Structures are given as C-alpha cells and as structure tokens.
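Values in this document were obtained by computation on a predicted structure and should not be read as measured data. Computed over heavy atoms, backbone and side chain alike; hydrogens, waters and symmetry mates excluded.
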Amino acid sequence: MDKEKEYRIYNKLVRDKIPEMISANDQEGDFYILPEQDYENEVILKLQEESGEYLESKNPEELADILEVLMELCRIRNIPFSEIEAIRQKKLTERGGFSKRIFLVKVCEK
C-alpha cells in the first residue's frame with residue numbers, strides 16, 4: 001500500500017527562489033505564474049501578511065520582508081523607490097517623524 005502524501009496548502013505569493021528551494025529539499029510543489037491582473041493584489045496581500053508576521057514576532061527579518069514587498073509594489077506601479085524616499089523626507093521635514101512618541105487624543109474646534 002502506497003503511503004498517502006501529505007500536503008500543506010499555502011495559496012500565496014512567494015519569493016522567486018522558493019520553487020528551487022523546495023526541489024532541493026526533495027519535495028514537490030505546485031506553482032503557477034500569476035496573471036498580471038492578479039499580481040498587484042497578491043503583492044498587497046503579501047504586504048498584509050508580512051506586516052502581521054512582524055507584529056507577532058517583532059523580528060527584524062520581517063521588516064526586511066516588508067521593505068522588499070514595498071519595493072515590488074513601487075516597481076509594479078512604476079514609482080521609483082527614490083520618489084517614495086523623497087516623499088518620506090518631505091513629510092519628515094514638514095510634519096516630523098514619530099520619534100517623539102506623540103499620541104493625539106482629540107482636537108477641539110475653536
């Protein structure tokens with residue numbers, strides 16, 4: 001009697017070398033190339049996934065994953081990452097960053 005194969009279902013976007021890594025581990029994977037119309041949405045889902053993983057673990061590697069996904073989202077939308085950095089710097093100059101730990105409770109109109 002053949003041993004039934006065990007599968008773990010992922011249904012998610014993975015890094016480019018994952019198929020090679022699975023094969024190198026003597027495992028089989030089922031992959032396909034996402035159609036262009038689905039790709040951006042999957043990248044956004046990946047951003048949510050990586051953000052959630054960072055919130056759970058506080059692992060700096062997850063921050064690197066978030067940055068990688070953000071850079072890919074910029075590439076998809078044809079936005080140079082340098083433009084995002086320039087926007088970040090402008091906002092930092094005009095509105096400040098977050099290092100002062102200011103928590104706004106409310107604003108009363110005069």
Side-chain angles (χ1 to χ4, degrees):
M1 184 184 292
D2 287 335
K3 181 181 174 186
E4 191 173 319
K5 292 183 179 181
E6 292 183 30
Y7 292 94
R8 188 166 173 195
I9 306 298
Y10 289 92
N11 288 326
K12 67 179 186 175
L13 181 67
V14 295
R15 288 178 176 263
D16 297 340
K17 294 185 180 181
I18 295 299
E20 298 166 22
M21 295 169 69
I22 289 171
S23 185
N25 275 342
D26 292 325
Q27 296 174 316
E28 295 177 11
D30 186 13
F31 305 93
Y32 67 93
I33 305 302
L34 284 166
E36 196 69 35
Q37 67 268 21
D38 298 333
Y39 182 53
E40 183 175 348
N41 188 56
E42 290 299 321
V43 172
I44 292 167
L45 290 173
K46 186 59 132 179
L47 180 58
Q48 291 174 321
E49 174 193 342
E50 298 298 349
S51 297
E53 288 176 3
Y54 175 73
L55 292 172
E56 278 187 28
S57 70
K58 306 294 189 266
N59 185 330
E61 282 193 26
E62 300 302 340
L63 291 175
D65 290 342
I66 291 168
L67 183 57
E68 187 68 35
V69 174
L70 284 173
M71 292 177 81
E72 182 61 12
L73 193 54
C74 288
R75 189 196 67 75
I76 291 168
R77 295 206 175 154
N78 295 314
I79 304 168
F81 193 73
S82 58
E83 184 178 326
I84 299 300
E85 176 59 17
I87 294 167
R88 186 192 73 79
Q89 287 287 339
K90 183 176 186 252
K91 287 181 120 179
L92 180 64
T93 300
E94 291 174 355
R95 305 182 95 187
F98 297 96
S99 62
K100 292 183 180 178
R101 305 185 317 265
I102 298 169
F103 186 85
L104 178 63
V105 176
K106 66 181 175 181
V107 175
C108 297
E109 300 295 325
K110 291 185 178 183

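Sequence neighbours left out, the pairs with a member in residues 31-44 that pass salt bridge (Lys or Arg N to Asp or Glu O under 4.0 Å) are E40-R77. Here salt bridge (Lys or Arg N to Asp or Glu O under 4.0 Å) pairs that include residues 17-34, with residues two or more places apart or in two chains, are K5-E28.
L67 is not connected to L47 by any chain of hydrophobic side-chain contacts under 4.5 Å among Ile, Leu, Val, Met, Phe, Trp and Tyr, and they are in different clusters. Under the 4.5 Å side-chain heavy-atom criterion for grouping Ile, Leu, Val, Met, Phe, Trp and Tyr, I76 is connected to V69 within one hydrophobic cluster.
In the hydrophobic clustering, F31 connects to V14, I18, M21, I22, either directly or through intervening members, whenever side-chain heavy atoms lie under 4.5 Å apart. Listed by chain and number, the hydrophobic cluster partners of L45 come to none, as no ILVMFWY side chain reaches under 4.5 Å of it.
A distance of 13.5 Å separates CG of L70 from NZ of K46, quoted to the nearest 0.5 Å. The CD atom of E68 sits 12.0 Å away from the CD1 atom of I66 when rounded to the nearest 0.5 Å. For the atom pair CG of D65 and CZ of R15, the computed distance is 4.5 Å after rounding to the nearest 0.5 Å. With values rounded to the nearest 0.5 angstrom, I44 atom CD1 is found 11.5 Å from L13 atom CG.
Partners of R101 according to the side chain to side chain donor-acceptor pair (under 3.5 Å) rule, which considers only residues two or more places apart in sequence or in another chain, do not exist here. By the side-chain contact (heavy atoms from CB on, under 4.5 Å) test, Y32 pairs with L34, P35, sequence neighbours left out. In this structure E72 satisfies the side chain to side chain donor-acceptor pair (under 3.5 Å) test together with Y39, R75, sequence neighbours excluded. Annotation: side-chain contact (heavy atoms from CB on, under 4.5 Å) contacts of E61 (sequence neighbours excluded): N59. Judged as a side chain to side chain donor-acceptor pair (under 3.5 Å), and not counting sequence neighbours, the contacts of R8 are Y10. Take S23 and apply the side-chain contact (heavy atoms from CB on, under 4.5 Å) test, not counting sequence neighbours, and it matches no residue. Qualifying side chain to side chain donor-acceptor pair (under 3.5 Å) partners for K100, counting only residues two or more places apart in sequence or in other chains: none.
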Pairs of donor and acceptor atoms involving the side chains of residues 81-97, under 3.5 Å and at least two apart or interchain, shall be tabulated with distances.
unit_1, atom_1, unit_2, atom_2, d
E85, OE1, R88, NE, 2.9
E85, OE2, R88, NE, 3.4
E85, OE2, R88, NH2, 2.8
E85, OE2, Q89, NE2, 3.0
K90, NZ, E94, OE2, 3.3
T93, OG1, Q89, O, 3.1

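Other residues, nucleotides and ligands contribute only 12 or fewer heavy atoms inside 6.0 Å of the CD atom of E56.
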